[in-house]
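In what follows, a single structure is set out as structure tokens and then discussed.
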Amino acid sequence: MHSATTIKELYRNTDEFTDKQITITGWIRSNRPSKNFGFIELNDGSFFKNLQIVYDSDLENFVEVSKLNISSALVIEGQFVLTPNAKQPFEIKATKIIIEGESSPEYPLQKKRHSFEFLRTIAHLRPRTNTFSAVFRVRSVAAYALHKFFNENNFVYVHTPIITGSDCEGAGEMFRVTTLDYDNIPRDENNKVDFTKDFFGKETFLTVSGQLNVEGFAQSLRDVYTFGPTFRSENSHTSRHASEFWMIEPEMAFANLEDNMRVGENMFKFLISYVLENCPEEMEFFDKFIEKGLIKKLENIVNSDFGCITYTEAIDILKEADVKFEFPVYWGADLQSEHERYITEKVYKKPVFVINYPKEIKAFYMRLNDDNKTVAAMDLLVPGIGEIIGGSERENRLEVLERRIEEMDLDIEDYEWYLDLRRYGSTRHAGYGLGFERALMYLTGISNIRDVIPFPRTPNSAEF
RNA sequence: UCCACAGUAGCUCAAUGGUAGAGCAUCCGGCUGUUAACCGGAGGGCUGUAGGUUCGAGUCCUACCUGUGGAGCCA
């Protein structure tokens with residue numbers, strides 16, 4: 001990809017390069033000049049850590065180099081030498097420094113800690129900081145880890161549509177997709193907007209979930225998953241909601257709720273192990289500066305079993321809890337954030353599945369249990385974040401599903417294709433959705449979802 | 001949408017109702033091994049916006065704007 005040596009290679013295969021003449025490319029993170037020599041901290045994007053460059057007045061452009069601002073781009077030739085008695089393990093004694101691109105004194109990032117809030121206002125520059133370069137490398141590695149997990153377990157990756165004609169996916173407010181001219185909206189005889197004149201000839205939206213689509217593929221390819229962007233237009237103002245986020249949704253034929261939980265737990269543990277193993281420098285940084293004890297926390301997760309309780313048991317625990325909750329606890333009530341937090345943070349202190357919720361508070365497609373009161377749903381709650389996985393065994397009995405659609409006051413005509421899946425050799429099947437950013441928050445200790453997405457979209461904010 | 005908190009120099013923050021300040025950054029100078037280098041000097045402000053109270057408002061009051069945290073919704 002490049003002819004230059006990368007800093008990652010220097011750190012990983014140090015011996016190979018000792019005392020060799022090499023070429024390095026990268027950006028200045030810090031420049032400390034004095035009269036006849038100076039030091040540059042260089043980062044080349046290949047690795048979390050920097051490389052120290054020593055330069056002196058033998059360079060023909062010494063004066064220019066000593067005045068370079070942070071973030072200037074350089075090509076450096078020099079000798080790679082070990083420095084066992086210094087703070088850094090090795091450095092480059094520069095013999096030639098070519099200035100590829102100058103920066104300027106107005107460069108807004110300083111050699112000090114900035115608030116995440118300020119960095120969000122310069123989202124195009126924040127990947128140049130330690131924290132965000134680490135976050136986004138981990139994001140990439142985590143995405144790969146998830147693909148690897150599913151691939152190794154013979155799941156087929158399905159690309160479900162981003163634009164959907166179904167306004168009843170049932171998982172929240174949707175963004176409209178249209179090419180209608182707002183200044184001249186076509187109307188029908190009842191003065192309603194005439195969507196037959198719109199691009200697709202009907203109302204269309206951005207997807208809130210690929211689940212219903214991917215269920216169709218599970219009945220052919222058996223174990224499948226989606227991994228793509230998801231859009232919700234709720235006016236949410238919290239540290240764990242974004243209008244555009246990524247979601248992983250596995251769906252498995254011939255699987256029940258038990259299988260579903262097992263896959264969810266294995267996937268989550270694999271993800272953690274893979275990131276710990278492949279991003280040690282980044283994780284060490286997070287452990288030191290973002291969340292003390294992070295690595296220990298994650299290692300504990302990998303080495304222990306997730307908790308599992310039924311909704312009914314959870315209600316009993318909450319009723320007996322010696323804590324004043326703002327919202328009342330009774331069977332049939334949805335679990336509030338404070339309740340979920342109590343269970344996962346105070347009682348279990350680790351991830352815990354809550355299963356078998358009352359059917360009234362869950363989606364129509366979840367399989368009705370034999371008690372006729374609860375559905376085979378599962379939420380995985382984790383400390384600090386709350387719900388990170390939501391899933392269920394799906395209702396695969398045609399009559400029951402039809403009845404549930406009616407009970408929930410949904411229009412059965414919208415679901416004919418979905419009902420077809422139950423008409424032609426339907427199997428028991430189950431799946432879930434993992435919020436990718438929420439998983440990243442848990443992995444990195446970053447407490448705001450806006451800081452694990454490259455260019456976050458939230459209500460009133462779609463900059464860059 | 002509701003509740004709470006906050007907006008002062010490029011950044012992070014001070015300032016009892018009484019002359020708006022520091023550290024970092026920037027610029028200039030010094031420095032032969034620095035490590036968020038160090039030392040000396042300089043420039044930098046309509047205190048979020050609009051009203052009001054007061055002899056006097058960064059500070060008190062009202063409204064609005066923006067941001068952050070929390071709730072709801074969920075991943």
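These numbers come from the heavy atoms of this one structure, side chains and all, not from hydrogens, waters or symmetry mates. Chain letters run A, B, ... following the sequence lines, proteins first and then strands; every chain starts at 1.
Residue K112(A) places none of its side-chain N or O atoms closer than 4.0 Å to OP1 or OP2 of C24(B). A sub-4.0 Å separation between OP1 or OP2 of A71(B) and a side-chain N or O of T238(A) is absent. Within the 4.0 Å cut-off from OP1 or OP2 of A71(B), at least one side-chain nitrogen or oxygen of S337(A) is found. A close approach under 4.0 Å does occur between a side-chain nitrogen or oxygen of S239(A) and OP1 or OP2 of G70(B). For Q110(A) and A36(B), the shortest distance from a side-chain N or O to OP1 or OP2 is not below 4.0 Å. Under 4.0 angstrom from either OP1 or OP2 of U12(B) there lies at least one side-chain N or O belonging to S115(A). Between R120(A) and U68(B) there is a side-chain polar atom (N or O) within less than 4.0 angstrom of OP1 or OP2. Distances shorter than 4.0 Å separate none of the side-chain N or O atoms of R32(A) from OP1 or OP2 on C39(B).
For R113(A), the side-chain atoms get nearest to A36(B) when compared with the rest of A36(B), C11(B), C74(B). When the nucleotides C11(B), C73(B), A36(B) are ranked by their closest atom to the side chain of K87(A), A36(B) comes out on top. In the set U1(B), G33(B), G72(B), the nucleotide with an atom closest to the side chain of H237(A) is U1(B). Side chain of D334(A), nearest nucleotide from A75(B), U1(B), C74(B): C74(B). Taking every side-chain heavy atom of R341(A) into account, A71(B) is the closest of A75(B), A71(B), U1(B).
With hydrogens and angles ignored, no donor-acceptor pair under 3.5 angstrom links the side chain of E117(A) to the base of G7(B). Judged by distance alone, with hydrogens and angles left aside, Q88(A) brings a side-chain donor or acceptor within reach of the base of U34(B), the pair sitting under 3.5 Å. Between the side chain of E106(A) and the base of U26(B), no donor-acceptor pair under 3.5 Å is found. Side-chain atoms of H114(A) stay outside donor-acceptor range of the base of C11(B), with no qualifying N/O pair under 3.5 Å. Interface remark: the R240(A) side chain does not form any donor-acceptor pair with the A75(B) base, using a distance-only criterion of under 3.5 Å.
In this structure, F149(A) has its ring center no closer than 6.0 Å to that of Y274(A). A distance of 6.0 Å or more separates the ring centres of H124(A) and F455(A). Aromatic pair F231(A)/F245(A): centroids not less than 6.0 angstrom apart.
F327(A) comes within 4.0 angstrom of the backbone, heavy atoms only, and of no base. Residue-level contact check: F245(A) touches the bases, meaning some heavy atom is under 4.0 Å from a base atom. Nucleic acid contact class of A86(A) (heavy atoms, under 4.0 Å, all strands): base. Using a 4.0 Å heavy-atom criterion, one finds that S30(A) contacts the sugar-phosphate atoms exclusively. Within the nucleic acid shown, P105(A) comes within 4.0 Å of sugar-phosphate atoms alone, with no base atom in reach, counting heavy atoms only. No engagement by E437(A) is indicated, since no non-hydrogen atom pair under 4.0 Å with the nucleic acid exists. Among the heavy atoms of the strands, none lies under 4.0 Å from E249(A).
Rounded to whole Å, the C1' atom of U8(B) lies 15 Å from the corresponding atom of U49(B).
The pair D451(A)-R120(A) meets the salt-bridge criterion, with a side-chain N (NZ, NE, NH1 or NH2) lying under 4.0 Å from an Asp/Glu carboxylate O.
For the pair K20(A) and F80(A), the cation does not sit on the ring face, since its NZ or CZ is not both under 6.0 Å from the ring centre and inside 45° of the axis. The cationic atom of K297(A) (NZ for Lys, CZ for Arg) lies less than 6.0 Å from the six-membered ring centre of Y442(A) and within 45° of the ring axis. For the pair K319(A) and W331(A), the cation-pi test (distance below 6.0 Å, angle within 45°) is failed.
Straight-line distance from the CD1 atom of I122(A) to the P atom of G10(B): 14 Å, rounded to whole Å. The CD1 atom of I53(A) sits 15 Å away from the C1' atom of G33(B) (whole-angstrom rounding). Atom CD in Q336(A) sits about 10 Å away from atom P in C74(B), given to the nearest Å. In this entry the distance linking CZ of F118(A) with P of A25(B) reads 15 Å, nearest Å. Rounded to whole Å, atom C1' of G10(B) lies 14 Å from atom CG of N69(A). C73(B) atom P lies 10 Å from atom NZ of K362(A), rounded to whole Å. Straight-line distance from the NE2 atom of H241(A) to the P atom of G70(B): 11 Å, rounded to whole Å. Summarising the geometry, the separation between NZ on K111(A) and P on U34(B) is reported as 15 Å, rounded to the nearest angstrom.
The aromatic rings of F227(A) and H147(A) sit tilted relative to each other, their planes meeting at an angle between 30° and 60°.
Looking at RNA chain B, the stems built from 3 or more consecutive Watson-Crick or G-U wobble pairs, each pair with its key distances under 3.5 Å, are B:1-7 with B:65-71, B:10-13 with B:21-24, B:26-30 with B:38-42, B:48-52 with B:60-64.
Nearest heavy atoms, P383(A) versus K349(A): CG-C, 4.1 Å.
Less than 4.0 Å separates RNA chain B from at least one heavy atom of each of the following residues of residues 444-464 of chain A: N448(A), I449(A), R450(A), N460(A).
By the stacking rule of 5.5 Å between ring centres and under 30° between planes, F39(A) does not stack on the base of G33(B).
Rounded to the nearest 0.5 angstrom, D379(A) CG and Y311(A) OH are separated by 11.5 Å.
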Does the pair M283(A) and L294(A) meet the rule for a side-chain contact (heavy atoms from CB on, under 4.5 Å), with working shown?
-> CA-CA 8 Å; M283(A) 296 308 290; L294(A) 173 71; 4.0 Å; yes

For side-chain hydrogen bond (donor to acceptor under 3.5 Å, both in side chains), just list the numbers for N369(A) and N356(A), CA-CA rounded to whole Å, side-chain angles, deciding distance to a tenth of an Å, and then say yes or no.
-> CA-CA 8 Å; N369(A) 288 325; N356(A) 296 336; 3.1 Å; yes

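Looking only at distances, a side-chain donor or acceptor of R457(A) sits under 3.5 Å from a matching main-chain atom of E463(A).
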